[in-house]
Amino acid sequence: MLLAPLAHVSREVAGVSARSRKISLLAGLFRTAGPDDVPVVIPYLAGRLPQGRIGVGWNALKDPPPPAGRATLTVHRVDDTFTALAAVAGPGAQGERRRLVRELLGAATEEEQRFLVGLISGEIRQGALDAVAVEALAETSGARPDAVRRAVMLAGSLAPVARRLLAAGPPVLDEFLLTVGRPVLPMLAQSAAGVAEAVERLGECAVEEKLDGIRVQVHRDGAAVRIFTRTLDEITDRLPEVTAVALGLAGDGFVLDGEVIALDAAGRPRPFQEVAGRVGSRGDVPSAARAVPLSPVFFDILAADGEELLDLPLADRHTALARLVPEPLRVRRIVVAGGSGPDAEAFFRATLDRGHEGVVVKALDAPYSAGRRGAGWLKVKPVHTLDLVVLAAEWGHGRRTGRLSNLHLGARREDGSFVMLGKTFKGLTDATLEWQTGRLRELAVRDDGFTVTVRPELVVEIAYDGLQRSSRYPAGVTLRFARVLRYRTDKRAAEADTIGTVLAAHGRGGGSEDSGQDGGSSGPGAE
DNA sequence: TTCCGACAGTGGGGTCGCAAT
DNA sequence: ATTGCGACCCCACTATCGGAA
């Protein structure tokens, strides 16, 4: 099969807005793909590479060679090139990758080049990723979308399901079962503004502490333990203490869902950054483990005694969890029946006081709906706000092209100058985007084509989750998950929050930003 | 007809590891 | 030794479509 029709359909899909139309366009192409093409075509049209990451980024894609005049590239030639790219290593790897990429792009027509660049950089922007591909796959094969989605969740990815489904038809979906040792897409939570609201939405529910660490899925099959991240990457060899905990439990065929965190001597959680650094360390794991020992804490169970528990309501899964996992290894929780708000609120406060991130409110009757951000779990975290000053803004991409999007945020110093605390592009409606583009252009003092620097006069109210240590910004801290709430056109820059009040609000002392370096873990840490 | 769930898009900061400088 | 880049961790929010109410 040639790449050309694929690239063409991708462009057509991007050109229509109706999801139903996208689905039938994709389905039409799936039908024409031969059995050998399927494992490649399906992921490509869902915007993914079967090889995963191949070590080629935006930089290697600059200045593509002139396009070919005629379409001769086959999908298999493209796939072979990606396989070769993924295998390149050692000195000179960068140059070799560049050479392979140039060779591939040189053999591609203009439309194919656009498609390949999008595919490699993960910016297909056709408005159709896995979920739409699942629908198209269902349409092509005559299977029920739900059944396809469930198989994808259990297989961990689309490709193996697509291959079997198109080769043998809907009945093969029954072959996709939860297997201990093979990762499953994890269930995710939606956000809610407050505990009372979340409890009201869910009715009978559990309120569990939300720990700020790394999500882990722990499989044990006899003496074999495997640990996976939220994106299903295996990290078993980096977490020996988690393996030890799994081997210490009184069961030998289970799958647990939980979070790893690090605790200090007083039993309080250490900052997320320390946990992330530890989990990311592949080199000398034993010494990393001595410096930052990790504690797994579990909140769900997907299989026990080799038996699949996914479809059981949470209440029953928790019973199974409690049978296998002793108290300190489980997340703290309470059960709230029939909207008794105060208990949940008190639990939320107590959880924050213990230094944790917030709570997750979970419907007791909900099954484990993996891979979807189902409404069965609602997370609640405290929100802080600040009035900051816009120092600059970056030109947006994609649907934000031509609009000033990413804002550089500054806090006021006592002397009237400003310290940059981070950036945000979140929380902006199209109308606000439009308005800020006009207003910031009026305030512009410089435009290098990427960033527009402005006179620091515009005040914006920012919500954020807490401070974290930063080596990038002059105050030594930056805002975590900053987003725009609204512009404060009623405020002048001289009325914006100062860096002193920002630091003081998070127990980092007032005064100058240079004292913000709190020497590792001795400080109280970000919330 | 209106409401709302699910999805895609638009990017944020940090950290590690590897290759290039 | 330092710097740049890619891969992955954490993540919020809005616009849109299309089925449910």
Side-chain angles (χ1 to χ4, degrees), chain A residues 13-14 16-23 46-47 52-60 88-97 120-135 145 149 188-191 211-216 229-233 235 238 259-260 271-283 288 357 369 371-375 379 381 383 394 396-401 403 405-409 421-433 462-473 477-485 526:
Chain A
V13 170
V16 299
S17 60
R19 202 169 298 165
S20 51
R21 189 79 193 104
K22 291 176 193 284
I23 290 167
R53 297 287 175 255
I54 55 172
V56 176
W58 179 80
N59 223 29
V88 174
Q94 218 69 306
E96 175 64 4
R97 288 202 188 100
I120 296 169
S121 62
E123 297 177 10
I124 282 285
R125 288 187 178 127
Q126 60 186 19
L129 297 175
D130 271 4
V132 172
V134 162
E135 295 284 339
R149 206 173 291 122
L188 306 173
Q190 293 181 350
S191 295
L211 309 178
D212 193 12
I214 305 284
R215 182 88 174 259
V216 286
T229 65
R230 187 162 95 81
T231 46
L232 309 190
D233 292 294
I235 51 171
R238 290 179 240 167
E259 190 95 357
V260 288
F272 167 77
Q273 283 165 292
E274 292 185 29
V275 181
R278 163 63 210 283
V279 173
S281 300
R282 275 167 248 235
E357 194 182 13
S369 48
R372 322 194 71 185
R373 210 165 270 279
K379 57 183 164 185
K381 297 189 283 186
V383 174
E394 294 168 16
H397 299 88
R399 68 184 299 280
R400 291 190 176 187
T401 301
R403 303 260 165 74
S405 171
N406 201 4
L407 304 173
H408 295 201
L409 305 169
L421 274 184
K423 306 181 191 178
T424 186
F425 54 88
K426 296 174 183 140
L428 297 161
T429 63
D430 285 2
T432 307
L433 216 45
I462 297 294
Y464 66 106
D465 280 17
L467 292 186
Q468 58 184 355
R469 270 153 57 82
S470 171
S471 56
R472 178 177 313 212
Y473 294 109
V477 295
T478 186
L479 305 179
R480 194 168 182 206
F481 307 136
R483 59 267 188 191
V484 171
L485 290 179

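Within every chain, numbering begins at 1; the chains are lettered A, B, ... in the order of the sequence lines, protein sequences first and strands thereafter. No experiment lies behind these values; they were computed from the predicted model shown.
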When you measure from the side-chain N and O atoms of A:K426 to the phosphate of B:dG9, is any distance below 4.0 Å, counting only OP1 and OP2?
no

Think A:R483 has a side-chain N or O under 4.0 angstrom from the OP1 or OP2 of C:dC13?
yes

Are any of A:R125's side-chain N or O atoms less than 4.0 Å away from OP1 or OP2 of B:dT10?
yes

Using only atom types and a distance under 3.5 Å, with no angle test, would you say the side chain of A:K22 pairs donor to acceptor with the backbone of A:V13?
yes

Note: for A:R282 and A:V132 on DNA chain B, the residue whose nearest nucleotide lies more 5' is A:V132

Applying a 4.0 Å non-hydrogen cut-off, can you work out what A:A482 is touching in the nucleic acid: base, sugar-phosphate, or nothing?
nothing

A:F481 side-chain proximity, nearest of B:dG17, B:dT10, C:dA12
C:dA12

A:V260 vs A:R278, side chain to side chain contact (heavy atoms under 4.5 Å, CB included): CA-CA, chis, key distance, verdict
CA-CA 11 Å; A:V260 288; A:R278 163 63 210 283; over 6 Å; no

Side-chain N or O of A:R215 versus OP1/OP2 of C:dC9: is the shortest distance under 4.0 Å?
no

Output the rounded distance in Å from NZ (A:K22) to C1' (C:dG18).
14 Å

What contact category does A:K381 fall into here, base, sugar-phosphate, or nothing, at under 4.0 angstrom with non-hydrogen atoms?
sugar-phosphate

Quick check for you: among C:dC9, B:dG12, B:dA19, whose closest atom lies nearest to any side-chain atom of A:F425?
B:dG12

Kindly say if A:S281 contacts the phosphate of B:dT15, meaning a side-chain N or O under 4.0 Å from OP1 or OP2.
no

If the cut-off is 4.0 Å, is A:N406 near the phosphate of B:dG12, judged by side-chain N/O to OP1 or OP2?
yes

Quick check for you: among B:dG14, B:dG11, C:dC9, whose closest atom lies nearest to any side-chain atom of A:S405?
B:dG11

For A:E259, report the nucleic acid contact type (base, sugar-phosphate, nothing); a contact means any heavy atom under 4.0 Å.
nothing

Between A:Q190 and B:dA6, is there a contact of a side-chain N or O with OP1 or OP2 at under 4.0 Å?
yes

When you measure from the side chain of A:A131, which nucleotide among C:dC10, B:dC7, B:dG14 comes out closest?
B:dC7

A:R480/A:D212 salt bridge by N-O under 4.0 Å criterion:
yes

Just to confirm, is there a sub-4.0 Å distance from OP1 or OP2 of C:dC8 to any side-chain nitrogen or oxygen of A:T229?
no

Respond yes when some side-chain nitrogen or oxygen of A:Q273 is under 4.0 Å from OP1 or OP2 of B:dT15, and no when none is.
yes

Who pairs with B:dC7 - Watson-Crick or G-U, where each distance is under 3.5 Å:
none

Regarding A:L479, tell me which of base, sugar-phosphate or nothing describes its non-hydrogen contacts under 4.0 Å with the strands shown.
nothing

Hey, is the main chain of A:V134 close enough, under 3.5 Å, to the side chain of A:R149 for a donor-acceptor pair?
no

Comparing nearest nucleotides in DNA chain C, the 5'-proximal residue of the pair A:R400, A:V216 is A:V216

Just checking A:I23: base, sugar-phosphate only, or nothing, at a heavy-atom cut-off of under 4.0 Å?
nothing

A:R399 side chain, from C-beta outward: closest of C:dC11, C:dT16, B:dC7:
C:dT16

Of the nucleotides B:dG12, C:dA15, B:dG9, which has the atom closest to the A:T429 side chain?
C:dA15

Pick base, sugar-phosphate or nothing for A:T424, based on heavy-atom distances below 4.0 Å to the nucleic acid.
nothing

Cationic N near anionic O, under 4.0 Å, A:R238 to A:D233:
no

Quick one: is A:S470 getting a side-chain N or O under 4.0 Å of the B:dG13 phosphate, OP1 or OP2?
no

Proximity to the side chain of A:F272 - top-ranked nucleotide from C:dC10, B:dA20, B:dG12
C:dC10

DNA chain C: 5'-proximal contact among A:S191 and A:D233 (nearest heavy atom):
A:D233

Can A:R483 and A:D465 be counted as an ion pair, charged N to O under 4.0 angstrom?
yes

